[in-house]
Amino acid sequence: MEWQLTPAQEAEVERQLVWIRRGVAEIVPEQELVEKIRMSVATGKPLRVKLGMDPTAADIHLGHTVVLHKVRQFQELGHRAHLVIGNFTGRIGDPTDKSETRKQLSAEEVAENAKTYVRQVYKVLDPAKTEIVYNADWLAPLDFADVIRLASTVTVARMLEREDFTKRFRDNRPIHIHEFFYPLMQAYDSVHLETDVELGGTDQKFNLLMGRTLQREFGQPMQIAVMMPLLEGLDGVHKMSKSLGNYIGIDEAPNDMFGKLMSIPDSLLFKYYDLLSLREAADIERMRQAVDAGQMNPRDAKMELAKELVTRFLGEEAAVEAVDHWHKVFQAGALPEDMEEVTVPGEPIWIVKLLTDLGLANSNSEARRAIAEGSGRLNGEKVLDVDLQYEPHDGDVLQRGKRQFRRLRV
RNA sequence: GGAGGGGUACCAAAGUGGCCAAAUGGGGCGGACUGUAAAUCCGUUGCGGAAUGCUUCGUAGGUUCGAAUCCUACCCCCUCCA
């Protein structure tokens, strides 16, 4: 279908495309997106944009925000966003990128996680422009005949095209039937919401395309898949995820967020900039060149980024303090000012047990080892005596390694 | 339903009667060097106030002075056949 647009409308289409394309990894199929935008501009009808999130983990991290920011941009362009909370799908567990079956969550866990999600999502999305929906509302009422109908639209061979299924099948690892339903359910979300554009990470490609298949099956126009690159976590290798423990949560304490950002590998620095920073693209490019040319210490570029993100998520004041804290503690080697405080009895206690009790070690054996390795410190002094009986004084600082501190209160 | 292969620590993978709390690699933790980066090197990686102690090699029993290793039953995974 061709739309005759005025020059002003053509310009608007172009403006939107520039925004939408920024930072994306892939748009499938790109030409259809252009047509949809043209249609939207011509008719004044906003596109229906969908992002699904499974409340499998309770906290949103920077990895999630990449795609959330893209949703935000669509909102800013006047389109309509549906945030689908997968309170039904979450109970199945998306097998994407998992080497094995994911455990199924209870309804209570999912509900609890969803609540936290919504609150955190609003740090990125505009609450006024966000429509939050729960997929159990339409998935739960489906009866077995409906489910069979969904299942009959896809062949096993097609399902096995998905990379993780292929891999598991090849490696003789189990694939459960219910896992096949995950893509179908996600696709059905799009049918139900009559989605025009679905967002997701590149790892979601199969699921996003399944939405197209199913929409066609239901006689609807097919959605466009807009995929964002995956953000690697602190280890610099694996995608940021809670289960891998390499994530930066947007709800974290300012010092932690700042510190974690400072510790990302240099190789990731500009990817983080590209996907998370709101700076002008040209600005980032200039910095990249300065670092490459050796005119700028990567550390300083990293600090700029850390400052920007802490400011965005936790406020300017928090950011200023975090910078200050970082300088003192890590550059000057001082003790942090506000560390976790714990109240302990004033009687002598075995140092190993104290370390364990305060959560600085997982077991007495581990605490004992830590001390033997010379990573235990009391008020900055190395403690090497494993049998030390120590009488706590108010204000003493117990430390394990470079980063874990506890201030003792008697 | 039939035949065969397999289940070892966070992961991968050795070990097939004592020398095994279990090689090796990865990961984690800690240390050195730095910029809380990378690379590299070193230590450590079940519990235990530590003992010739306790628990751990899918689960439960059994044989044995002694079992991850042998036997029995069960559970689970995979392959081929139906």
Side-chain angles (χ1 to χ4, degrees), chain A residues 97-101 103 165 167-177 179 232-239 241-248 252-273 287-288 290-292 294-307 310 322-336 339 347-357 359-377 382-390 398-405:
Chain A
D97 199 36
K98 290 285 173 251
S99 52
E100 52 197 66
T101 311
K103 71 162 190 165
F165 286 148
K167 240 187 250 164
R168 280 200 271 161
F169 192 67
R170 171 167 33 81
D171 298 346
N172 298 333
R173 284 191 309 238
I175 299 171
H176 294 263
I177 297 290
E179 296 181 75
E232 287 88 351
L234 299 174
D235 55 35
V237 178
H238 301 288
K239 105 177 178 187
S241 87
K242 178 116 181 172
S243 47
L244 290 176
N246 63 351
Y247 69 103
I248 304 175
E252 296 200 39
N255 289 343
D256 289 342
M257 186 185 285
F258 194 90
K260 283 184 178 184
L261 282 164
M262 288 306 290
S263 76
I264 60 170
D266 285 2
S267 56
L268 237 50
L269 174 57
F270 285 102
K271 180 158 189 185
Y272 269 54
Y273 260 113
M287 220 181 318
R288 192 197 312 261
V291 168
D292 282 349
Q295 293 161 348
M296 182 179 195
N297 189 329
R299 178 199 55 204
D300 297 327
K302 222 181 267 185
M303 207 176 288
E304 287 298 307
L305 179 68
K307 225 187 292 180
V310 173
V323 172
D324 189 50
H325 173 268
W326 193 85
H327 278 301
K328 279 194 193 134
V329 176
F330 296 109
Q331 290 207 304
L335 291 172
M339 62 188 83
E347 300 123 38
I349 181 169
W350 183 36
I351 187 76
V352 166
K353 184 150 176 29
L354 186 60
L355 228 40
T356 309
D357 286 351
L360 292 171
N362 289 320
S363 67
N364 283 359
S365 292
E366 190 180 311
R368 180 189 290 269
R369 262 182 247 122
I371 288 172
E373 286 168 350
S375 75
R377 283 171 189 271
K382 225 174 234 190
V383 176
L384 290 169
D385 180 5
V386 174
D387 296 315
L388 178 69
Q389 291 293 327
Y390 148 73
L398 192 63
Q399 178 182 354
R400 178 187 177 192
K402 287 181 192 162
R403 309 179 196 189
Q404 294 181 278
F405 305 87

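Computation of the quantities below employed the complete heavy-atom set of this structure, encompassing side-chain atoms and omitting hydrogens, waters and symmetry-equivalent molecules. Per chain, numbering begins at 1; letters A, B, ... match sequence-line order.
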Between CG of A:Leu269 and C1' of B:G35 the distance, given in whole Å, is 12 Å

(message) Students often get this wrong, so: under 4.0 angstrom with heavy atoms, is A:Gly259 touching a base, only sugar-phosphate, or nothing?
(response) base

| Distance, C1' atom - from B:G15 to B:G4, rounded to whole angstrom | 24 Å

Quiz item: Within the structure shown, what part of the strands sits under 4.0 Å from A:Pro265 by heavy-atom distance: base, sugar-phosphate, or nothing?
Solution: sugar-phosphate

Before you tell me yes or no, could you show the steps for A:Tyr272 and A:Leu261 under side chain to side chain contact (heavy atoms under 4.5 Å, CB included), namely the whole-Å CA-CA distance, both residues' side-chain angles and the distance that decides it to 0.1 Å? CA-CA 9 Å; A:Tyr272 269 54; A:Leu261 282 164; 4.0 Å; yes

Checking N1-N3 plus N6-O4 or O6-N4 for Watson-Crick, or N1-O2 and O6-N3 for wobble, each under 3.5 Å, the partner of B:C41 is B:G31

Regarding the side chain of A:Lys402, the nearest nucleotide among B:A32, B:G49, B:C77 is B:A32

Identify whether a stacking contact exists between A:Phe330 and B:G35, where the ring centres must be under 5.5 Å apart and the planes under 30° apart.
no

Here the distance between atom P of B:A38 and atom CZ of A:Arg299, to the nearest Å, is 15 Å

If the C1' atom of B:A22 is compared with that of B:G46, how far apart are they to the nearest Å?
-> 11 Å

To the nearest angstrom, the CD1-P distance between A:Ile264 and B:A37 comes to 12 Å

Spacing of the P atoms in B:G5 and B:A9 (rounded, Å)
22 Å

* Return the orientation label for the A:Phe330 and A:Trp326 ring planes: parallel under 30°, perpendicular over 60°, tilted otherwise. => tilted

Side-chain atoms of A:Arg369 come closest, of B:U45, B:G30, B:G35, to B:U45

With the side chain defined as heavy atoms from C-beta on, A:Arg403 is closest, among B:A32, B:A37, B:C77, to B:A37

Rounded to whole angstrom, note down the C1' distance from B:G2 over to B:G28.
46 Å

Is NZ or CZ of A:Lys260 both nearer than 6.0 Å to the six-membered ring centre of A:Tyr247 and within 45° of the ring axis? yes

- [ ] Looking at every strand, decide which applies to A:Lys302 at a 4.0 Å heavy-atom threshold: base, sugar-phosphate, or nothing.
- [x] base

What does A:Arg368 touch in the nucleic acid at a heavy-atom separation under 4.0 angstrom: a base, only the sugar-phosphate, or nothing? base

Rounded to whole Å, CG of A:Asp266 lies from P of B:G35 at a distance of 12 Å

Separation of B:C76 atom P from A:Ile175 atom CD1, nearest Å, is 19 Å

(Q) Check this one for me: any side-chain N or O of A:Ser267 less than 4.0 Å away from OP1 or OP2 of B:A38? (A) no

With rounding to the closest Å, how many angstrom separate the C1' atoms on B:C47 and B:U40?
34 Å

Whole-Å distance, A:Glu304 CD to B:G35 C1', equals 15 Å

Margin query: Does B:G35 have its OP1 or OP2 closer than 4.0 Å to a side-chain nitrogen or oxygen of A:Asn297?
Written below: no

A:Asp235 atom CG is separated from B:C29 atom P, nearest whole Å, by 10 Å

Checklist line | P gap between B:U16 and B:C11, integer Å | finding: 23 Å

**Prompt:** What is the nucleic acid contact for A:Ser365, judged by heavy atoms within less than 4.0 Å: base, sugar-phosphate only, or nothing?
**Reply:** base

message = Using the P atom as the point on both nucleotides, what is the distance between B:A38 and B:G30, in whole Å?
response = 13 Å

So NE2 of A:His176 and CZ of A:Arg168: to nearest 0.5 Å the spacing works out to 8.0 Å

### Query
Does the base of B:U36 carry an N or O that pairs as donor and acceptor with the side chain of A:Lys328 under 3.5 Å?
no

From the candidates B:C33, B:G49, B:G43, the one with an atom nearest any side-chain atom of A:Glu373 is B:G43

Inset, instruction - For nucleotides B:C33 and B:G27, find the distance between their C1' atoms and express it as a whole number of Å. - result: 22 Å

